[in-house]
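Here is the structure we will look at, set down as structure tokens.
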Amino acid sequence: MQEKDKCERVLIDGSRLMIESMARAGADAFIGYPITPANLLYAYGSQRMSIMLPAPDEITTLQWMSGLSITGKIPVTATSYPGLALMIESVNMAYMMELPMVIVLVQRLGPATGTATCGAQGDLLALKGMMSGGHPLPVLATSNFEDCWKLSEKAVHIAAKLRTPVVLLTSKEEVMTQKSFDLNLLDNIKQTQLKYFDKDSNYKTYDAEGLVPEFLPVNQNVHQVRFNASTHDQYGILQHSSEDALNNTRRLEKKINEYLDEYTYYDYDQQDGAKNIVVSYGISSAAAIDAVSDLRKQGIKTSLLIPKTLIPVTNVYKKIINKYKKTVIAEENINNQFGQLLFGVERPENIRFVEGLGKMITPEEIIKEVKK
Amino acid sequence: MSSQLLNTSSLPYCKGCGHDLIAKQSMKALEDLGFSPLDVIMVTDIGCHGIIDKCLNTHTVHGLHGRSAALGAGISYGLENPDKKVVVFIGDGGATIGLQHIMEAARLNLNMTVILHNNMLYGMTGGQTSGLTPKNFATTTSYEGNPLSGYDICALTHTAGASYTCRVLGIGDISDKFSSAFQVKGFSLLEIVEICPSYGVKLNPRRKLNEIVESSGRKIGEWENSRPAYKLSQGKKTKDLLSKVSIIDREYTHNLKEPISIILSGSAGEGVQLAAAILSKSAIRSGLDVTQKGSYPVTVGVGFSTAELNLSPGKINFHGINIPDVVIITSEDGLKHNLKRINNMKKGVLYIDKSLDIPETGAEIIQYDFRSVGAKNAALTSIVFFSKKSGIINYKSIFKTIESESMDKKLPVDKIKNSIAGL
């Protein structure tokens, strides 16, 4: 972010920033259906994207997006867990077919229909386990308006570069709350484009030469393209479990992991001499910022880590956390999902957890846990 | 019968399976109509028909069970070249799973052709009854015969608005039917009734296709709707969502040293959310940082309407409100919704409409007639009063916001000014 001379203060919500950023980054279609609390994204998507299609349901949404992606578009949808649950098989399909798209997941209180108008951070483990085979799908979590802008751009770029669906994780409070904001803090958005195969040689839809095969849509008449959701070889021909096909499946995982360093985003506010670190992402990170600020004012040295790339799980976070005697993770669920991602179900004693259910975690709750 | 759209004449189907006939005649029909292989996007599904992909020289897209019509629809939306042909292969099992996808594509009349391989059961998974299995037809899950009628997919898609629908028996030369379906501008569905040699024939010995279809009450035939094909029409689009947001210049000063949290609450339809937005923008106009969010029942037109605001001279990170510093209540609905919070206040200020009973609270009480300019303006009146009384922001910034947002003609600004002493 660059501070600029002129101030352009507005009252704005994160949904508007997200859709505008993705449109500028190259997303050109919004497919969706109304679901709370993703409504604003749907409304803005319909106003801004060159194609907006109201799908009758969530499965159709992902199938239409996949079809559009096959023709070279970069589609976006926004949903909440009840919708995502229905999309999952089709997200697996898009992952297997290697189709770029962005899914904005606005978390709300579950399980099931839960409470549509109550925020939550309860979907991280579901995202971790969303792909059959345990393959990772890139998940970026916004923690402020700057992220709504910048990470939305990155989500489109990653989707296009790695030919994959990308999840932009957020929550009700982040996308529906209006805040004062200076538009001059927004950086320029770089437009992405799908890299098309442009050689005369034989085209293989899933060429094993590079980690990410070059893309070709079905709109052209030069090369045959074969998209396949079933286990397939480099040409996209269905296979049971041939070596070529299994190597292709291995490549799908490898490409997501191999480029992780390029899209590992986090904020690390290190305080010299600190023995404590507060770790939080998404909506709870605002409380964490206030908590750390208060702790420092009280003379309690504390560092702060706000992870933004949540999946694949980077070892960077653990390396940072391991420097501290005590870690307090704050997230709005009751099972420490981010903690489980990092440490498994048996959390080390020095990793503490501030939970939240049906309400936002407060700075005071984090401070109390740090002081314990 | 061979076609340059196929790379082999030896297709991977069981002996006697109608899928072989469908693949060969459909591809030949496309070729005869002048489609070159890469003009055609073949979208297949799970089921025996779906193993055709490897035999095709067309573009191929092999998707999920029952979803090929939706996937094909997405491709149809995205194609900018009308000379391309989207052909969807699906079985009766897949059509059962994805019935709505087919209906939606028919309703929209999308440019695509669905070739429905109706062999009256789920063949690949063991011969189970599908939603299109005819009455009395035996399957491995209804050996005595299906007690129910299957869906009449032709009637359904015709009623939904498909340009062309046709049911035909998968016997002999039916290329003219493929040709008719492929030439349609809009949505066409060709249902080919066949019998699965592995399950259907064994479980229904001596039954003939025409007898099965007739006895189930289905007709062989073609049905047409004269309507235009779907055309992507998106209307006027905004080129920049940010340009739709008003820039708020700092024109006033504030008198706030520490952040404060404010609850503004009243009844639905009484302008609570609008007043909250006006207060927020006026605070920005006065140099403050602001957060604002709304809360109301799912039936937005009745009951309470509450807005939660934070105002701060510095940057706001956490925007949750537990016990507020200020509560402004304009109606009984608002009071009920916030009673617990008001009860828990040990300090702060409660601004409350004079018609309401004073609840138990540690907050200072300020009563006023917020409803004097009418219920619809109660919330707006209350924020003007609050600004004047608290002095946190200049009340004039509120009228300036109303003017800047071109709301001064719609809102009774003068009446509100007159209702508050000293304005």
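Worth saying up front: this structure is predicted, and the values here are computed from it rather than measured. So you know, we letter chains A, B, ... as the sequences are listed, proteins then strands, and number each from 1.
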So which residue, [options], ends up with the most heavy-atom pairs under 4.5 Å with chain B?
options: A:K179, A:M96, A:E20, A:K359; value: A:E20
options: A:D57, A:T117, A:D13; value: A:D57
options: A:A29, A:G67, A:S66; value: A:G67
options: A:V218, A:L68, A:L62; value: A:V218
options: A:R16, A:M93, A:E8; value: A:R16

Which region of [X], side chain (C-beta onward) or backbone (N, CA, C, O), has a non-hydrogen atom less than 4.5 Å from a non-hydrogen atom of chain B, or is it both or neither?
X: A:S46; answer: backbone
X: A:M97; answer: side chain
X: A:I237; answer: side chain
X: A:S293; answer: neither
X: A:D28; answer: neither

Best-contacting candidate, [options], against chain A by heavy atom pairs under 4.5 angstrom:
options: B:K239, B:K244, B:K236, B:M42; result: B:K239
options: B:N57, B:D249, B:N322; result: B:N57
options: B:V290, B:I46, B:T44, B:L232; result: B:V290
options: B:L56, B:I51, B:V43; result: B:L56

Exercise for review: Any salt bridge (Lys or Arg N to Asp or Glu O under 4.0 Å) involving residues 68-77 of chain A? Give me the pairs, sequence neighbours left out, ordered by first then second residue.
Suggested key: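 Pairs touching residues 68-77 of chain A that pass the test: A:K73-B:E80.
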Point to revise | Between B:K84 and A:N221: side-chain donor-acceptor atoms closer than 3.5 Å | key: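 Yes, A:N221 and B:K84 have a side-chain donor paired with an acceptor closer than 3.5 Å.
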To the nearest 0.5 Å, tell me how far [X] [atom1] sits from [Y] [atom2].
X: A:I59; Y: B:I97; atom1: CD1; atom2: CD1; answer: 10.0 Å
X: A:E89; Y: B:H65; atom1: CD; atom2: NE2; answer: 10.0 Å
X: A:L238; Y: B:H62; atom1: CG; atom2: NE2; answer: 5.0 Å
X: B:L242; Y: A:L17; atom1: CG; atom2: CG; answer: 6.0 Å
X: A:S180; Y: B:L288; atom1: OG; atom2: CG; answer: 8.5 Å

Exercise for review: Under 4.5 Å, heavy atom to heavy atom: which of residues 222-234 of chain A reach chain B? Give them by number, or say none.
Suggested key: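 Listed by number, the contacting residues are A:V222, A:H223, A:Q224, A:V225, A:R226, A:F227, A:N228, A:A229, A:S230.
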Does the side chain of [X] reach to within under 4.5 Å of the side chain of [Y], using non-hydrogen atoms?
X: A:L183; Y: B:I247; answer: yes
X: A:V10; Y: B:I248; answer: no
X: A:L11; Y: B:I284; answer: yes
X: A:I70; Y: B:V61; answer: yes
X: B:E104; Y: A:W64; answer: yes

Exercise for review: Under 4.5 Å heavy-atom distance to chain A, tell me which part of B:L108 shows up: side chain, backbone, both or neither.
Suggested key: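 Interface part for B:L108: side chain.
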Point to revise | Contacting moiety of B:T58, where chain A heavy atoms sit under 4.5 Å | key: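 Contact with chain A: backbone only.
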**Study point:** NZ/NE/NH1/NH2 to OD/OE distance under 4.0 Å, B:D289 and A:R9
**Key:**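 Counted as a salt bridge, because a side-chain N and a carboxylate O are separated by less than 4.0 Å.
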Point to revise | Side-chain ion pair, B:D240 and A:R48, N-O less than 4.0 Å | key: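 Salt bridge between B:D240 and A:R48, a charged N being under 4.0 Å from a carboxylate O: no.
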Check your understanding: How about A:Y235: does its OH atom have over 12 heavy atoms from other parts shown lying under 6.0 Å from it?
Key ->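 No, because the 6.0 Å sphere around OH of A:Y235 holds 12 heavy atoms or fewer from other groups.
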Review point. Which residues pass the side chain to side chain donor-acceptor pair (under 3.5 Å) test with B:H319, sequence neighbours left out?
Key: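 B:H319 satisfies side chain to side chain donor-acceptor pair (under 3.5 Å) with A:E173, A:T177 once adjacent residues are dropped.
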Review point. For chain A, which residues of residues 309-318 of chain B have at least one non-hydrogen atom nearer than 4.5 Å to it?
Key: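 Heavy-atom contacts from residues 309-318 of chain B to chain A are B:N317, B:F318.
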Review point. If every non-hydrogen atom of A:P56 is compared with every non-hydrogen atom of B:Q100, which pair is closest and at what distance?
Key: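 Minimum heavy-atom contact is CB-NE2, 3.1 Å.
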Check your understanding: Taking all non-hydrogen atoms of both residues, which atom of A:N219 and which atom of B:G78 are closest, and how far apart?
Key ->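 Scanning both residues completely, I find the closest heavy atoms to be ND2-O, 4.2 Å.
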Check your understanding: Going through the distances and angles, do A:L53 and B:Y77 end up as a side chain to side chain contact (heavy atoms under 4.5 Å, CB included)?
Key -> CA-CA 9 Å; A:L53 303 173; B:Y77 278 125; 3.3 Å; yes
Review point. Is the side chain of B:H59 donor-acceptor paired with the backbone N or O of A:Q220 at a distance under 3.5 Å, no angle test?
Key: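 Pair found, side chain donor or acceptor close to backbone of A:Q220.
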